[in-house]
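Got a structure here, written out as structure tokens. Questions coming.
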Amino acid sequence: MVSNKQIIYAKRPTGLPEPGEHLVCETGSLDLDAALGEGEFIVKTLEFSIDPYSLARMMMPPQVPVAFHVGVPIKGVAIAKVVKSRHSGFQEGDLVYGDLAYAEYVKLDDAAAKQSHITVRNEPKASGLPLSNYVGAMGLAGLTAFVGLNLGNIKAGQTIFVSSASGAVGQIACQVAKVRGLKVVGSAGSDSKCAFLRDLGVDGTINYKTEDIDQKLAELCPEGIDVYFDNVGGATLDTAFKHMNDHGRVIACGMISAMKPHAEPYAFKNIFLVVVKSIQINGFVVNNYMDQEAEMLRQFESYLRSGQIRYVEDSRQGLDAVPQALHDVFTGKNQGKLVVHVSDI
């Protein structure tokens with residue numbers, strides 16, 4: 001019998017979820033010696049991703065498949081190790097990746113593994129990259145950046161604007177765009193985050209909390225914007241329309257401004273420019289592009305190992321750090337990709 005901490009969705013929030021009220025760390029137990037049924041296996045979690053998307057899952061109606069349910073553990077992208085198995089596809093010692101309950105140990109069967117998109121991912125054993133990279137740059141954040149840039153049909157010599165540029169997806173999108181020869185401008189919510197972006201090689205930065213985005217885009221992108229990688233929606237997207245070139249592309253990756261509790265719908269003023277400038281808007285859900293994952297892993301492992309891109313993480317220790325880490329990512333207090341380290345391999 002082992003102790004097994006879990007993060008329980010205790011109460012549906014009306015505002016931002018508060019640690020200890022809406023998200024509670026509870027300690028249970030799991031009998032690792034008990035016999036498993038055919039097709040069952042147990043994993044020990046190692047690294048968890050902390051993502052703004054969790055807020056959307058808290059607010060979704062219960063009938064939505066990925067919605068969180070009050071009274072049970074919430075879920076997030078994780079790397080885990082199989083510690084016991086009667087499943088032919090998952091052997092003891094395998095590293096696995098997928099949407100797992102925030103718990104120290106998770107027991108799954110074949111149906112649960114398929115629902116949570118659990119896959120074997122033993123590459124970290126040989127790559128030499130930090131294991132935490134596999135819930136970030138080499139995980140869903142990396143794939144999101146990779147797919148978005150592909151949809152944006154980016155080309156050397158063009159200009160790309162990235163919002164929420166210092167975040168998990170944004171910092172990758174910025175650096176990969178630089179590797180591919182684009183001029184990159186990014187926005188973030190503090191001077192320190194803007195300095196961080198410039199240190200990564202971003203050509204120009206905007207502190208959207210203290211600077212006028214319209215004026216700064218005119219200054220930093222006098223030749224216009226060819227691609228806008230949008231993570232926020234709202235006023236930033238509306239302003240970007242003014243600076244897009246004809247036949248520009250908007251990659252609608254996220255709409256964090258609309259995800260906040262009680263957020264009022266934004267009244268767009270420049271939407272007509274989509275027609276006037278023949279702007280193409282591509283919205284996407286990364287889970288529909290899993291066929292690009294293998295190529296992303298190949299390219300990004302090379303980029304990371306060679307130093308062409310750097311991935312900065314904000315790592316917290318222990319499963320009981322999850323509620324505060326989620327609150328911090330919802331309020332923008334993190335710098336870099338937020339991860340929670342639960343256990344060593």
Side-chain angles (χ1 to χ4, degrees), residues 7-10 12-25 45 47-60 66-68 73-79 99-103 130 132-145 162-174 186-190 192-194 196-197 207-209 229-234 236 253-263 286 311-342:
I7 305 302
I8 304 297
Y9 188 25
R12 188 178 177 90
T14 55
L16 289 176
E18 295 294 334
E21 180 182 358
H22 306 103
L23 298 172
V24 177
C25 184
T45 58
E47 301 280 350
F48 271 105
S49 174
I50 302 294
D51 298 298
Y53 178 53
S54 293
L55 180 58
R57 296 178 76 173
M58 290 180 197
M59 301 300 174
M60 289 173 181
V66 297
F68 293 156
I74 61 173
K75 289 184 173 184
V77 173
I79 284 281
D99 192 37
L100 287 169
Y102 280 100
S132 55
N133 279 185
Y134 286 84
V135 294
M138 299 286 283
L140 207 61
L143 183 60
T144 301
V162 181
S163 56
S164 193
S166 66
V169 175
Q171 62 169 294
I172 306 172
C174 286
S187 65
S190 70
S192 63
K193 289 181 178 181
C194 287
F196 160 70
L197 289 171
N207 182 339
Y208 70 87
K209 291 184 178 179
F229 198 115
D230 183 29
N231 288 303
V232 299
T236 302
C253 176
M255 297 280 173
I256 191 66
S257 65
M259 285 168 51
K260 296 177 181 178
H262 312 301
V286 71
Y311 197 60
V312 177
E313 296 174 342
D314 182 343
S315 181
R316 313 291 171 87
Q317 301 300 306
L319 195 80
D320 48 5
V322 167
Q324 186 62 52
L326 282 166
H327 189 273
D328 287 351
V329 83
F330 297 152
T331 53
K333 293 180 180 177
N334 60 301
Q335 183 144 312
K337 169 63 181 170
L338 243 176
V339 298
V340 169
H341 174 75
V342 181

**Report entry** Pair Glu47, Asn133: side-chain N/O donor-acceptor within cut-off below 3.5 Å
**Finding:** no
Requested in this report: Please examine the side chains of Tyr102 and Ile50, heavy atoms only from C-beta on, and report whether any two atoms are closer than 4.5 Å.
Outcome: yes
Query raised in the report: Is there a donor-acceptor contact under 3.5 Å from the side chain of Thr45 to the main chain of Ala103?
Result: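 Confirmed, Thr45 side chain pairs with Ala103 backbone.
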Report summary line: In this structure, CZ of Arg316 is separated from CZ of Phe48 (nearest 0.5 Å) by 16.0 Å
Query raised in the report: Within the side chain of Ser163, is there an N or O that forms a donor-acceptor pair under 3.5 Å with the backbone of Asp230?
Result: no
**Report entry** Smallest separation among heavy atoms of Thr236 and Val232, with atom names
**Finding:**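 Looking at all heavy atoms of both residues, the shortest contact is CB-CG2, 3.6 Å.
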Query raised in the report: For the atom pair CE (Met58) and CG (Leu23), what is the distance rounded to the nearest 0.5 Å?
Result: 4.0 Å
Query raised in the report: Heavy-atom distance under 4.5 Å between the side chains of Val329 and Asp51, does that happen here?
Result: no
Report task. Please step through side chain to side chain contact (heavy atoms under 4.5 Å, CB included) for the pair Tyr134 and Val339, ending with a clear verdict. Result -> CA-CA 10 Å; Tyr134 286 84; Val339 298; over 6 Å; no
Query raised in the report: Where is the tightest heavy-atom contact between Ala165 and Cys174, given as atom of each residue plus distance?
Result: CB-SG, 3.7 Å
Report task. Go through the steps for Ser54 and Phe68 under the test side chain to side chain contact (heavy atoms under 4.5 Å, CB included), then give the verdict. Result -> CA-CA 9 Å; Ser54 293; Phe68 293 156; 4.1 Å; yes
Report summary line: Closest heavy-atom pair, Ala188 versus Leu197, reported as atoms and distance to 0.1 Å, is CB-CD1, 4.1 Å
Query raised in the report: How long is the span from the NZ atom in Lys337 to the CD atom in Glu313, to the nearest 0.5 Å?
Result: 8.5 Å
Query raised in the report: Nearest heavy-atom pair of Ile7 and Leu319: which atoms, and what distance?
Result: CD1-O, 3.5 Å
Query - side chain to side chain contact (heavy atoms under 4.5 Å, CB included) between Leu55 and Leu16, intermediate numbers included - result: CA-CA 8 Å; Leu55 180 58; Leu16 289 176; 4.1 Å; yes
**Report entry** Validation row: Ile74, Leu326 side chains within 4.5 angstrom (heavy atoms)
**Finding:** yes
Query raised in the report: With sequence neighbours left out, what residues match Arg57 under salt bridge (Lys or Arg N to Asp or Glu O under 4.0 Å)?
Result: Asp99
Query raised in the report: Under the salt bridge (Lys or Arg N to Asp or Glu O under 4.0 Å) test, which residues partner Lys193, sequence neighbours left out?
Result: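 Scan of Lys193 (salt bridge (Lys or Arg N to Asp or Glu O under 4.0 Å), adjacent residues dropped) gives none.
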Query raised in the report: Which atoms form the tightest heavy-atom contact between Thr144 and Cys253, and what is the distance?
Result: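 Smallest interatomic distance, heavy atoms only, reads CG2-SG, 3.3 Å.
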**Report entry** Under 3.5 Å donor-acceptor, Tyr311 side chain and Ala168 backbone
**Finding:**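 Yes, the answer is positive, given that a donor and an acceptor are paired below the 3.5 Å cut-off.
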**Report entry** From NZ (Lys209) to SG (Cys194), nearest 0.5 Å
**Finding:** 11.0 Å
Query - Over all atoms of both residues, closest heavy-atom pair of Val340 and Ala325 - result: CG2-CB, 4.2 Å
Query raised in the report: Under the salt bridge (Lys or Arg N to Asp or Glu O under 4.0 Å) test, which residues partner Glu21, sequence neighbours left out?
Result: Lys11
Query raised in the report: Can you tell me how far the CZ atom of Arg12 sits from the NE2 atom of His22, to the nearest 0.5 Å?
Result: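 If I round to the nearest 0.5 Å, the distance is 10.5 Å.
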Query raised in the report: To the nearest 0.5 Å, how far apart are CD in Gln171 and CZ in Phe196?
Result: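 Between atom CD of Gln171 and atom CZ of Phe196 there are 4.0 Å.
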